[in-house]
Amino acid sequence: MVADKDMSHPEIRDAVRRLCAGYPGEYWRELDRTRAYPTEFVEALTEAGFLSILIPEEFGGSGLGLGAATAILEEIHRSGCNGGACHAQMYTMGTILKHGSPQQKAEYLPKITSGEIRLQAFGVTEPTSGTDTTRIRTFAKRENDCYIVNGQKIWISRAEHSDLMVLLVRTTPRDDVVKPSDGMSVLLVDLRQAVGNGLTIRPIRTMINHATTELFFDNLEVPVANLIGEEGKGFRYILDGMNAERVLIASECIGDGRFFIDRAAAYARERSVFGRPIGENQGIQFPISRAYVQLSAASEMVSKAARMFDEGKPCGTEANMAKMLASEASWFAADTCVQTHGGFGFAEEYDIERKFRETRLYQVAPISTNLILSHVGTHVLDLPKSF
Ligand SMILES: Cc1cc2nc3c(=O)[nH]c(=O)nc-3n(C[C@H](O)[C@H](O)[C@H](O)COP(=O)(O)OP(=O)(O)OC[C@H]3O[C@@H](n4cnc5c(N)ncnc54)[C@H](O)[C@@H]3O)c2cc1C
């Protein structure tokens with residue numbers, strides 16, 4: 001492993017590394033082959049308290065900030081593991097914590113901390129609206145004490161492995177509101193009751209093992225008591241949570257990047273061709289160095305965004321920039337690692353091809369690079385909006 005100075009939260013990192021050592025490459029390869037969920041790994045993280053690190057102490061969590069959470073996810077990914085199966089358990093609860101009623105907080109947060117309840121699904125994306133979230137069509141019509149939900153969501157990850165889901169719906173048609181982002185609401189759906197009673201979940205097989213699904217709502221009844229915050233203000237609540245999500249995903253990219261650089265440097269030192277280590281050749285050495293330089297810079301931006309988030313400062317731009325820089329740096333490191341390994345980069349047993357596929361996701365989800373560039377262009381540089 002390449003030495004890294006000034007790493008934050010050394011004790012947390014050390015504990016995560018020790019836990020991850022129990023889940024080596026063979027474990028992930030087998031899951032990848034069968035597209036199975038890493039139940040044991042998720043349970044171990046839950047028991048160790050890593051997934052409740054952001055939950056305040058009064059609800060049983062550690063009450064630490066995003067900086068500590070980024071250290072956990074970075075180390076998970078650097079170890080060759082993948083936090084995608086459960087990272088949302090860390091931050092989806094933020095919607096309840098920030099906008100839920102005292103009753104909702106008291107009811108759910110302690111159970112999320114203990115692992116009794118999993119809240120790691122959030123449903124925003126729809127097949128017809130894509131990134132244009134204000135055009136979502138899933139509609140919740142109020143009838144007495146219930147909302148009746150109809151519509152469809154796509155790419156909703158972990159829905160089959162979650163007890164609750166944070167769901168964004170329209171409660172007022174887009175044409176009847178002043179601002180397109182008005183008229184959307186957040187409902188907490190109890191998946192244990194919903195499946196088979198108005199909700200159908202259909203898994204989507206993808207190039208990575210991500211437990212993502214498509215959801216179909218057909219007159220699903222959700223109690224009005226499960227509305228989070230005020231009706232019609234849901235878009236703002238979801239946006240709040242997205243900053244945390246982007247910073248945490250960025251830290252996974254940093255972890256992936258470090259995994260690739262560790263592996264590439266080790267292999268380049270050891271593999272001898274033409275009577276000398278391949279790492280002696282600048283054509284091999286310099287891309288690894290470049291990957292390290294790019295990743296180090298991205299890591300600084302991730303730390304900055306996490307710090308601003310923890311200080312309660314607006315950090316939308318920094319969270320977006322961190323996610324973009326980190327996802328591009330991890331992808332470059334991934335490509336470099338494959339090239340350094342030659343043919344062995346393609347062999348499953350090296351885990352590089354798996355991580356290569358996994359890290360590609362982050363330039364598309366949870367927000368694609370073009371949309372980040374558009375945010376910077378219009379919000380920072382005051383350029384005209386193209387849509
Ligand atoms: C494995 C996986 C897991 C996911 N998990 C979840 C989840 O748990 N919950 C959830 O709600 N969503 C989830 N998503 C959805 C994810 O957030 C979206 O895929 C992502 O935001 C991109 O949206 P889209 O796929 O609809 O692309 P589109 O919006 O259709 O865009 C397609 C491409 O066009 C580009 N584009 C679109 N409009 C413009 C424009 N105006 N200017 C320039 N370029 C543009 C985009 O950047 C993108 O590259 C997941 C996706 C995947 C693949």
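By convention here, the first residue in the shown sequence is residue 1. Just the heavy atoms: all of them, side chains too, but no hydrogens, waters or symmetry mates, feed the values below. Remember, it's 1-based here, ligands and their atoms both numbered in the order they're listed.
The closest approach between Val364 and ligand 1 falls below 4.0 Å for a heavy atom of the residue.
Summarising the geometry, atom CG belonging to Asn243 is positioned 9.5 Å from atom CE belonging to Met308; distances are rounded to the nearest 0.5 Å. Here Phe235 contributes atom CZ and Thr134 contributes atom OG1; the two are 7.0 Å apart, rounded to the nearest 0.5 Å.
For atom 12 (N) of ligand 1, the nearest protein heavy atom (residue, atom name, distance) is Thr125 OG1, 2.7 Å. Summary of contacts: the protein heavy atom closest to atom 52 (C) of ligand 1 is Leu361 CD1, 3.9 Å. In this structure, the protein non-hydrogen atom closest to atom 51 (C) of ligand 1 is Trp155 CB, 3.6 Å. In terms of protein heavy-atom proximity, atom 28 (P) of ligand 1 is closest to Thr131 OG1, 3.6 Å. Counting protein heavy atoms only, atom 30 (O) of ligand 1 is closest to Gly130 CA, 4.4 Å.
Counting protein heavy atoms under 4.0 angstrom from atom 5 (N) of ligand 1 gives one or more. Less than 4.0 angstrom separates atom 34 (O) of ligand 1 from none of the non-hydrogen atoms of the protein.
Sparse packing is recorded around CD of Gln339, with 12 or fewer heavy atoms of other residues, nucleotides or ligands lying under 6.0 Å away. Other residues, nucleotides and ligands contribute over 12 non-hydrogen atoms within 6.0 Å of the CD atom of Glu160. No more than 12 heavy atoms of other residues, nucleotides or ligands sit less than 6.0 Å from atom CZ of Arg290.
The atoms of ligand 1 that sit less than 4.0 Å from any heavy atom of Val124 are 11 (O). In summary, the atoms of ligand 1 found under 4.0 Å from a heavy atom of His210, numbered by their order in the structure, are 1 (C), 3 (C).
Leu383 belongs to a hydrophobic cluster whose remaining members, ordered by chain and number, are Met301, Met321, Leu325, Val376, Val380, Leu381; membership requires side-chain heavy atoms of ILVMFWY residues under 4.5 Å apart, directly or through intermediates.
Only side-chain heavy atoms of Phe387 come within less than 4.0 Å of ligand 1; its backbone N, CA, C and O stay farther off. The residue Thr206 has no part lying near ligand 1, judged by heavy-atom distances below 4.0 Å.
Inclusion of Phe122 in the set of residues having an N or O under 3.5 Å from an N or O of ligand 1 is warranted. At least one N/O-N/O distance between Ser157 and ligand 1 falls below 3.5 Å. Of the N or O atoms in Gly123, none lie within a sub-3.5 Å distance of an N or O in ligand 1.
Checked for salt-bridge contact, Asp351 and Arg354 meet the test: a charged N lies under 4.0 Å from a carboxylate O. We find that Asp14 and Arg18 are joined by a salt bridge, their nearest charged nitrogen and carboxylate oxygen being less than 4.0 Å apart.
In this structure a side-chain-to-backbone donor-acceptor pair under 3.5 Å is missing from Asn209 to Arg33.
Taking the side chain to side chain contact (heavy atoms under 4.5 Å, CB included) definition, one finds that Ala326 meets it with Ala250, Cys253, Ile254, Ala298, Val302, sequence neighbours left out.
Tyr267 and His341 have parallel rings, their planes meeting at less than 30° on a 0 to 90° scale where 60° marks the start of perpendicular.
Comparing heavy-atom distances from atom 38 (N) of ligand 1 across Ile372, Asn370, Leu371 singles out Leu371 as nearest. Of the options Ser368, Pro366, Ser386, the smallest heavy-atom separation from atom 21 (O) of ligand 1 is shown by Pro366.
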